[in-house]
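Here's the structure we're looking at; comments come further down.
Just so you know, these numbers come straight off a predicted model, no measurement behind them. Sequence lines set the chain letters: A, B, ... in the order given, protein chains first and strands last, and positions in each chain run from 1. Side chains are part of it too, since the values below use all heavy atoms of this structure and drop only hydrogens, waters and symmetry mates.
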Amino acid sequence: MPELPEVETSRRGIAPHITGKRLTDVAIRQPSLRWPIPIEQCQALVGEKLVNVHRRAKYILLNFESGTLLLHLGMSGSLRVLEPTVEPVKHDHVDLIFDDQAMLRLNDPRRFGALLWAGREPYKHVLLTSLGPEPDDPAFNTDYCYQKSRGKRQAIKQWIMDGHVVVGVGNIYANESLFKAGIHPSRQAGKISRARYECLVSAIKSVISHAIEQGGTSLRDFTQADGKPGYFKQELAVYGRGDEPCVQCNTPLKATRHGQRATVYCTQCQT
DNA sequence: CAACGGACCTGCCTGC
DNA sequence: TGCAGGCAGGTCCGTT
């Protein structure tokens with residue numbers, strides 16, 4: 001479900017409803033996510049105010065007065081803000097209940113998500129320390145990519161999906177960005193020219209920022225915090241369109257795999 | 001060190 | 001209708 005645009009959409013959806021409110025109760029029905037939820041540290045936050053809700057990569061940072069809860073949605077997680085009286089359904093693993101009748105509820109069928117305690121200096125948490133720049137960071141630019149990729153034999157698709165290179169480019173937006181830049185997904189990262197990296201960086205920035213504006217991509221069950229779908233799906237050029245005609249040249253799109261992940265590209269437009 | 005595959009889970013779809 | 005198998009938006013970790 002969530003790549004960076006979906007996570008940012010979720011953050012924007014929940015923040016206005018819970019920022020500045022005081023945590024009054026915590027319900028953890030399933031503590032076994034990717035890593036065990038630190039139940040006692042969550043309960044110790046009861047009585048504290050939620051100062052703000054930030055995001056780094058695909059992590060949502062719930063900043064309380066005494067420290068930060070790190071939230072990751074994994075492959076299938078979603079967040080809703082509901083009234084505390086709403087009955088939980090299957091896979092509603094965690095509720096954070098705030099005063100003023102606001103409840104943040106995490107649902108995650110596959111349980112690849114995470115809720116972790118990151119203390120007073122969350123950016124020093126091991127999961128956040130070695131992350132690459134955000135796509136919209138000026139530090140993510142042509143020179144950075146060109147220099148960092150030299151000597152790398154990895155396929156470009158896998159390289160841009162590596163969070164140590166740039167964060168937030170998951171499988172959907174990797175496919176879309178490579179199509180937009182006209183780059184074949186199998187091309188070796190270390191052999192791509194500076195000029196082509198300029199196209200790719202620009203494509204990644206525009207694809208991600210546009211998807212955020214559209215409220216993310218709704219596939220299967222992704223919805224925004226208010227339950228509405230994202231609207232980016234209708235703009236996908238290649239993802240999920242194997243064998244369908246290329247939007248630019250009508251050639252049937254080729255579906256294949258890179259490192260266990262579905263890859264779709266145009267054999268004519270991407271070289 | 002780089003690169004790859006496996007692992008963690010459930011749900012949904014396809015084909016027999 | 002039932003069931004096995006494959007696949008899904010992420011990413012850490014162990015092994016080559």
Side-chain angles (χ1 to χ4, degrees), chain A residues 1-11 29-37 55-60 70-79 89-94 106-116 118 125-132 135 148-178 185-191 204 207-208 211-212 214-224 229-233 235-236 238-243 255-264:
Chain A
M1 163 190 305
E3 294 194 28
L4 193 149
E6 290 71 38
V7 177
E8 176 61 16
T9 297
S10 297
R11 187 195 70 77
R29 285 175 287 271
Q30 169 57 278
S32 171
L33 301 188
R34 175 162 193 178
W35 296 283
I37 295 175
R55 179 188 59 76
R56 172 72 173 109
K58 295 171 189 166
Y59 294 93
I60 289 175
L70 274 188
L71 179 62
H72 196 291
L73 298 175
M75 292 271 269
S76 60
S78 62
L79 295 169
V89 298
K90 200 172 186 183
H91 306 306
D92 280 343
H93 304 315
V94 178
L106 170 68
N107 180 286
D108 184 6
R110 291 177 72 180
R111 289 195 270 133
F112 287 178
L115 183 63
L116 297 168
H125 190 282
V126 62
L127 291 173
L128 301 189
T129 48
S130 61
L131 293 174
K148 194 173 179 71
S149 63
R150 291 310 91 181
K152 296 291 191 290
R153 302 168 66 181
Q154 225 177 359
I156 184 62
K157 180 174 180 241
Q158 289 169 272
W159 193 72
I160 60 171
M161 289 179 70
D162 181 346
H164 303 289
V165 173
V166 57
V167 300
V169 182
N171 199 37
I172 297 175
Y173 301 116
N175 279 297
E176 294 300 312
S177 299
L178 288 166
S186 301
R187 187 168 283 275
Q188 279 185 26
K191 290 187 174 175
I204 290 171
V207 165
I208 298 269
I212 290 173
Q214 297 295 307
T217 304
S218 280
L219 295 176
R220 298 194 176 80
D221 53 355
F222 175 76
T223 54
Q224 305 186 43
Y231 294 101
F232 192 72
K233 185 175 194 299
E235 301 186 29
L236 294 176
V238 288
Y239 183 84
R241 298 192 62 242
D243 298 330
T256 175
R257 302 185 77 74
H258 283 93
Q260 330 281 74
R261 310 301 299 276
T263 300
V264 185

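Nearest to the side-chain atoms of A/Asn171 among the listed nucleotides C/dG9, C/dA8, B/dC8 stands C/dG9. In this structure, of C/dA8, C/dT11, B/dG11, it is C/dT11 that holds the atom nearest to the side chain of A/His72. Distance from the side chain of A/Leu127 is smallest to C/dC12 among C/dC12, B/dA3, C/dG9.
In this structure, the CE atom of A/Met75 is 10 Å from the C1' atom of B/dC9, given to the nearest Å. Counting to the nearest Å, the P atom of B/dC4 and the CD atom of A/Gln154 are 6 Å from each other. For the pair A/Arg241 CZ and C/dG9 P, the computed distance is 17 Å after rounding to whole Å. Between the CD atom of A/Gln188 and the P atom of B/dA2 there is a distance of 15 Å, given to the nearest Å. Taking atom CD on A/Gln260 and atom P on C/dG10, their separation rounds to 14 Å, with Å as the unit. Rounded to whole Å, atom P of C/dC12 lies 11 Å from atom CG of A/Leu116. Taking atom CD on A/Gln30 and atom P on B/dT10, their separation rounds to 8 Å, with Å as the unit. Rounding to whole angstrom units, CG of residue A/Asp108 and P of C/dT11 are separated by 13 Å.
A/Tyr173 comes within 4.0 angstrom of no nucleic acid atom, judged by non-hydrogen atoms across all strands. Using a 4.0 Å heavy-atom distance criterion, A/Leu33 is classed as making no nucleic acid contact.
At the phosphate of B/dT10, OP1 or OP2 sits under 4.0 Å from a side-chain N or O atom of A/Arg111. Side-chain N/O atoms of A/Lys58 include none lying less than 4.0 angstrom from OP1 or OP2 on C/dG9. The phosphate of B/dC9 has neither OP1 nor OP2 within less than 4.0 Å of any side-chain N or O from A/His91. Contact annotation: A/Arg261 side-chain N/O to C/dG10 OP1/OP2 distance is under 4.0 Å. Side-chain N/O atoms of A/Lys152 include none lying less than 4.0 angstrom from OP1 or OP2 on B/dA3. Residue A/Arg257 places none of its side-chain N or O atoms closer than 4.0 Å to OP1 or OP2 of B/dC4.
The separation of B/dC12 from C/dT11, taken at their P atoms, amounts to 23 Å, rounded to a whole angstrom. Taking atom P on both nucleotides, B/dG6 is separated from C/dG6 by 13 Å, rounded to a whole Å. Rounded to the nearest Å, the gap between the C1' atom of C/dC13 and that of B/dT10 is 22 Å.
To the nearest 0.5 angstrom, A/Arg111 atom CZ is 13.5 Å from A/Arg34 atom CZ.
Two residues are said to be in side-chain contact when any heavy atoms from C-beta on lie closer than 4.5 Å; A/Ile160 and A/Tyr173 fail this criterion. Residues A/Pro5 and A/Ile208 meet the side-chain proximity criterion, which asks for heavy atoms closer than 4.5 Å. A 4.5 Å side-chain heavy-atom check between A/His91 and A/Asp108 finds every atom pair outside the cut-off. Annotation: side chain of A/Val94 is not in contact with side chain of A/Leu71 (no heavy-atom distance under 4.5 Å).
Taking both residues in full, the closest heavy atoms of A/Pro2 and A/Gly74 are given as CD-O, 3.1 Å, listed atom of the first, atom of the second, then distance.
Both distances falling under 3.5 Å, in either a Watson-Crick or a G-U wobble arrangement, place B/dG11 opposite C/dC7.
For the pair A/Phe112 and B/dC8, the ring geometry qualifies as stacking, because the centroid separation is below 5.5 Å while the planes lie within an angle under 30°.
A/Arg153 contributes no side-chain N or O that forms a donor-acceptor pair with the base of B/dA3 under 3.5 Å.
Projected onto DNA chain C by closest heavy-atom contact, A/Ala262 and A/Leu131 fall at different nucleotides, the more 5' of which corresponds to A/Ala262.
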